[in-house]
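The basis for the numbers below is simple: all heavy atoms, side chains too, and nothing from hydrogens, waters or symmetry mates.
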Amino acid sequence: MKHRFLFLGVIIICLAMASCAERQKVRTMMMDFMKTDIVIPDDLECICGHEVKAIDRDSIKGSMFIIYYDSLDCSSCRIGHLAENYPLYEMADTSGFTVLTIFSPRMDDLKEVRLQLMMTNSPVPIYLDVNGSFCKRNSSIPSDLRFHKFFVSPDSHPAFVGDPLASEKLYELFRKVLNQPNIINY
């Protein structure tokens with residue numbers, strides 16, 4: 001009986017140490033990521049409603065909230081849930097930043113993803129990384145999905161990582177970032 005409690009105690013200590021190590025790993029990844037520049041390439045396609053056009057660089061100024069779906073994501077699944085991000089677009093309208101939802105599918109899936117995005121008739125612009133340029137130019141974005149939603153300040157550095165719609169705590173933290181002087185526009 002004594003050995004069972006000892007064994008259980010060792011397991012609990014190992015789990016606690018593992019979670020501390022994981023937290024430190026994520027913290028280090030976040031600090032490294034926040035030092036990088038995020039580049040929005042000129043060759044993205046913009047799909048709004050049923051229309052496909054080139055990216056309008058003039059509409060993307062200042063701060064941005066990026067929602068990034070890479071080639072490992074199930075594009076069909078993500079397209080089916082685009083409306084879940086609409087509150088971010090509403091927040092952007094009142095807070096003065098731009099939301100960029102970017103799909104970077106495999107080249108084999110590009111035509112199908114483009115067609116699916118057009119069929120959704122989204123009221124907000126969705127961007128398609130047709131040449132893999134966003135992925136290539138921003139190779140610093142970790143593969144960890146928690147890093148695929150992030151806020152970029154006007155100096156092109158990530159200033160917030162995570163989904164502010166995921167929890168009240170993240171939402172409040174995001175609001176604090178937005179309220180920092182000069183975070184929206186210089």
Side-chain angles (χ1 to χ4, degrees), residues 15-41 44 59-105 113 117 120 122-129 133-186:
L15 288 174
M17 288 173 49
S19 65
C20 288
E22 177 64 22
R23 243 181 296 175
Q24 184 58 39
K25 178 182 168 189
V26 170
R27 186 173 297 133
T28 301
M29 281 178 19
M30 188 175 307
M31 296 308 291
D32 290 343
F33 179 51
M34 292 176 102
K35 293 176 188 172
T36 65
D37 284 336
I38 299 299
V39 178
I40 305 301
L44 296 179
S59 68
I60 303 171
K61 293 181 179 174
S63 300
M64 302 172 279
F65 191 92
I66 296 178
I67 303 166
Y68 172 54
Y69 301 116
D70 67 8
S71 62
L72 300 177
D73 268 311
C74 170
S75 294
S76 296
C77 301
R78 299 299 186 181
I79 291 169
H81 292 277
L82 282 174
E84 293 172 3
N85 295 318
Y86 290 170
L88 281 172
Y89 286 88
E90 292 169 9
M91 186 186 303
D93 286 342
T94 60
S95 298
F97 62 92
T98 304
V99 177
L100 275 77
T101 299
I102 301 172
F103 281 84
S104 188
V113 171
L117 287 170
T120 65
S122 174
V124 297
I126 307 296
Y127 297 89
L128 190 57
D129 186 12
S133 301
F134 182 80
C135 183
K136 290 174 193 160
R137 306 259 332 253
N138 298 289
S139 60
S140 63
I141 299 174
S143 60
D144 187 326
L145 294 179
R146 294 175 287 188
F147 288 83
H148 288 198
K149 290 186 178 185
F150 54 95
F151 182 76
V152 179
S153 64
D155 68 357
S156 300
H157 290 83
F160 173 88
V161 176
D163 183 355
L165 303 176
S167 72
E168 187 65 33
K169 188 175 180 180
L170 280 173
Y171 179 81
E172 290 303 319
L173 182 59
F174 183 57
R175 294 300 302 172
K176 285 180 183 177
V177 169
L178 289 179
N179 289 329
Q180 289 180 8
N182 300 323
I183 196 73
I184 297 297
N185 292 309
Y186 284 131

Geometric class of the Phe97/Phe174 ring pair [parallel <30°, tilted 30-60°, perpendicular >60°]: perpendicular

Does the side chain of [Y] come within less than 4.5 Å of [X]'s, by heavy atoms?
{"X": "Ile141", "Y": "Phe134", "result": "yes"}
{"X": "His148", "Y": "Tyr69", "result": "no"}
{"X": "Phe151", "Y": "Pro164", "result": "no"}
{"X": "Leu82", "Y": "Ile126", "result": "yes"}

For Arg137, all residues meeting salt bridge (charged side-chain N to carboxylate O under 4.0 Å, His left out), sequence neighbours excluded: none

side-chain contact (heavy atoms from CB on, under 4.5 Å) between Val99 and Val124, worked out: CA-CA 9 Å; Val99 177; Val124 297; over 6 Å; no

For the residue pair [X] and [Y], what are the closest heavy atoms and their distance?
{"X": "Pro142", "Y": "Met29", "answer": "CB-CE, 3.9 Å"}
{"X": "Asn85", "Y": "Ile67", "answer": "CG-CD1, 3.6 Å"}
{"X": "Tyr127", "Y": "Pro125", "answer": "OH-CB, 3.9 Å"}
{"X": "Leu128", "Y": "Val113", "answer": "CD1-CG1, 3.8 Å"}

What is the distance from atom [atom1] of [X] to atom [atom2] of [Y], rounded to the nearest 0.5 Å?
{"X": "Ile40", "Y": "Ser133", "atom1": "CD1", "atom2": "OG", "answer": "11.5 Å"}
{"X": "Lys149", "Y": "Thr101", "atom1": "NZ", "atom2": "OG1", "answer": "8.0 Å"}
{"X": "Glu84", "Y": "Asp163", "atom1": "CD", "atom2": "CG", "answer": "9.0 Å"}
{"X": "Ser122", "Y": "Tyr89", "atom1": "OG", "atom2": "OH", "answer": "6.5 Å"}
{"X": "Asp93", "Y": "Leu88", "atom1": "CG", "atom2": "CG", "answer": "11.0 Å"}
{"X": "Ser153", "Y": "Leu178", "atom1": "OG", "atom2": "CG", "answer": "11.5 Å"}

Ser95 (side chain) donor-acceptor with Ala92 (main chain) under 3.5 angstrom: no

Side chain Asp70, main chain Ser104, donor-acceptor under 3.5 Å: no

Within residues 164-179 or reaching into it, pairs that qualify as salt bridge (charged side-chain N to carboxylate O under 4.0 Å, His left out) - sequence neighbours excluded: none

Phe33 and Phe150 aromatic centres sub-6.0 Å: yes

Listed once per pair and sorted, the side-chain hydrogen bond (donor to acceptor under 3.5 Å, both in side chains) pairs that draw on residues 27-37, sequence neighbours left out: Gln24-Arg27, Gln24-Thr28, Thr36-Ser140, Asp37-His157

